[in-house]
Amino acid sequence: MLKDRSGQTEDRLTELFVTTYRVMSSSAAKEVKNLSVTEGGNITFPDPVLEFGFLMYGNKNLAMVTKSEMQIVENIYMNRLHWNKNTGIFTITDLQRNDSGIYTVDSKKGQIFTTSYEVTVYGCPPAPAVKTLSVNPESCFLLCFVDKGEDTTLLWYKDEEVVNQSSSALSLPLTVHKEEFRSSYRCVAATPVKEKTLSVDVDSLCGQNKTSVRNASFCLIQSQLHGLTDEINDLPGRTDCIYTYRRQ
C-alpha cells in the first residue's frame, strides 16, 4: 500500500511539473542550433533524454519522458513523434511546412542539459525545364524556368561553374555563344536542403541545323510576302535571315 501511495505521489508530482513547466523553465538554452529538412522528411534531435525530460515546441510541451516511457502530450504528434528508449533520442517524421520553429530538448535527470534547435522545413524544389527563346548564327538564347519557386534558387551551370543565378525569379535566361555550344550545361532548381537538375544539350537545342530550319522558315514566309524569289537582302532588320538564306 505504501508503494502504491508512493507511486501515486510521484505521478502527481510529474503532472504538477508538466502543468507548471512553462513557468519553471526559465533556463532557456544558450545556443540555438539549426536543422533543415525537406517537406515530408524526418528529423532527429541528437541529444538523449534517458531518465526524465521533455521535448518542447516553442513554449508548448510535446512529450515527456519518465520511468523509461514517453508520454505524448500533443495528439497531433501521436503517430509522428518517436522516442528510442535505448538511445533516448527523439525523432519527428513526416514534417510539414508549419512544423518549422524552435524545438527544445530538456533533460532534467541524469545528464542534465537544455538544447534548442531552430527547425526549418522547406518545400521540395520543382523540376526545372528549359526552352529555346531564339537562335542566331553566333549565339543561342535559352530560358530555364519552374512553375513555382518558393524558397527556390535557379542556377545555370557551365561545366562546374555557376554562370547565372537568381533566388527571386521563376525563370532564368542564358546566352550561349556558338563556340561554347559543346560545353556541358545544366539548370538547377535548389532549396537549402535539396536540388533538382536538368542537363541541357545546347548543341541539340541551338545547333546550326535547327538554326537553319527556324530562320529559313521565317525567310521563306517573308520573301513570299515581299515578292522575292532569289534575293532577300532588302528585308529590313533580318541579318540572320540573309545569312541563313545565303548558306542554303
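Keep in mind that the numbers below use all heavy atoms, side chains included, and drop hydrogens, waters and symmetry copies.
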- Query: Hey, are the side chains of Phe45 and Thr115 touching, using non-hydrogen atoms and a 4.5 Å cut-off?
  - Reply: no

- Work out which heavy atom in Val121 is nearest to a heavy atom in Ser100; give both atom names and the distance. N-OG, 2.8 Å

- Message: Between Gln96 and Glu39, is there a side-chain heavy-atom distance shorter than 4.5 Å?
- Response: yes

- Item | CG/Asp147: more than 12 non-hydrogen atoms of other groups inside 6.0 Å | no

- Query: Which residue, Leu172, Val135, Val202, forms the side chain to side chain contact (heavy atoms under 4.5 Å, CB included) with Leu142?
  - Reply: Val202

- Message: Surrounding CG of Asn79 (heavy atoms of other residues, nucleotides or ligands, distance under 6.0 Å), is the total greater than 12?
- Response: no

- With a 4.5 Å limit on heavy-atom distance, are the side chains of Ile43 and Val119 in contact? yes

- Message: Any side-chain to backbone donor/acceptor pair from Arg97 onto Thr120? Under 3.5 Å, distance only.
- Response: no

- Could you give all pairs that pass the disulfide (SG to SG under 2.5 Å) test and reach residues 44-143, with sequence neighbours left out? Cys140-Cys206

- Message: Side chains of Asp151 and Thr191: any donor to acceptor distance under 3.5 Å?
- Response: no

- Message: Between Tyr77 and Leu95, is there shared hydrophobic-cluster membership here, with clusters defined by ILVMFWY side-chain heavy atoms closer than 4.5 Å?
- Response: yes

- Compute the ring centroids of Tyr57 and Tyr103, then answer whether they are less than 6.0 Å apart. yes

- Query: Going by an N to O cut-off under 4.0 Å, is there a salt bridge joining Glu160 and Arg186?
  - Reply: yes

- Query: Can you name the closest pair of heavy atoms from Ile102 and Ser116 and give their distance?
  - Reply: CG2-CB, 4.2 Å

- Provide the closest heavy-atom pair for Lys158 versus Ser183 in the form atom of the first, atom of the second, distance. CE-OG, 3.6 Å

- Query: Between Thr44 and Thr91, does any side-chain donor sit less than 3.5 Å from a side-chain acceptor?
  - Reply: yes

- What distance do Cys187 atom SG and Tyr157 atom OH have between them, rounded to the nearest 0.5 Å? 10.5 Å

- Item | From Asn59 atom CG to Met56 atom CE, the distance as rounded to the nearest 0.5 Å | 6.5 Å

- If Ile, Leu, Val, Met, Phe, Trp and Tyr residues are connected whenever their side-chain heavy atoms lie under 4.5 Å apart, and connections chain through other members, are Ile72 and Leu62 in the same group? yes

- Residue set satisfying ring pair (Phe, Tyr, Trp, His ring centres under 6.0 Å) with Tyr185, at least two apart, ordered chain then number -> none

- Task: Check for a donor-acceptor pair, side chain of Asp159 on one end and backbone N or O of Glu161 on the other, with a separation under 3.5 Å.
- Result: no

- Task: Measure the NZ-CD distance between Lys33 and Glu118 for me, rounded to the nearest 0.5 Å.
- Result: 14.0 Å

- So, for Val176 and Phe181, which heavy atoms are closest and what is the spacing to 0.1 Å? O-CE1, 3.4 Å

- Mind checking the CD-CG spacing from Glu150 to Leu170? Nearest 0.5 Å is all I need. 11.0 Å

- Query: Linking I/L/V/M/F/W/Y whenever their side-chain heavy atoms sit closer than 4.5 Å, directly or via other members, would Leu174 and Phe145 fall into one cluster?
  - Reply: no

- Query: Got a second to check how far Asp94's CG is from Asn42's CG, nearest 0.5 Å?
  - Reply: 8.0 Å

- Above 12 or not: heavy atoms from other molecules or residues under 6.0 Å from CZ of Arg182? no

- Item | Heavy-atom check, side chain of Leu205 versus side chain of Val200, under 4.5 Å | yes

- Note on the structure: So CZ of Phe54 and CD of Gln71: to nearest 0.5 Å the spacing works out to 9.5 Å

- With side chains defined as the heavy atoms from C-beta onward, is the minimum distance between Lys85 and Met70 less than 4.5 Å? no

- Mind checking whether Asn164 and Pro173 have side chains closer than 4.5 Å, heavy atoms only? yes

- Query: Is the NZ or CZ atom of Lys194 both under 6.0 Å from the centre of the six-membered ring of Tyr122 and within 45° of that ring's axis?
  - Reply: no

- Query: So, for Val146 and Ala189, which heavy atoms are closest and what is the spacing to 0.1 Å?
  - Reply: CG1-CB, 4.1 Å

- Task: Treat each ILVMFWY residue as a node, draw an edge where side-chain heavy atoms are under 4.5 Å apart, and state whether Tyr117 and Leu81 are in one component.
- Result: yes

- Message: Grouping I, L, V, M, F, W and Y whenever their side-chain heavy atoms are under 4.5 Å apart, do Phe90 and Ile76 come out in a common cluster?
- Response: yes

- Task: Let me know which of Leu55, Thr87, Val65 forms a side chain to side chain contact (heavy atoms under 4.5 Å, CB included) with Val49.
- Result: Val65

- Query: Does the side chain of Lys196 reach to within under 4.5 Å of the side chain of Pro128, using non-hydrogen atoms?
  - Reply: yes

- Task: Return each pair, listed once, that meets disulfide (SG to SG under 2.5 Å) where at least one residue sits in residues 49-121; pairs must be two or more places apart or across chains.
- Result: none

- Item | Closest non-hydrogen atom pair, Val130 against Trp156 | CG2-CH2, 3.9 Å

- Item | Thr175 side chain to Ser139 side chain, donor-acceptor N/O pair below 3.5 angstrom | no

- Are any side-chain N or O atoms of Arg80 and backbone N or O atoms of Thr93, one a donor and one an acceptor, separated by less than 3.5 Å? yes

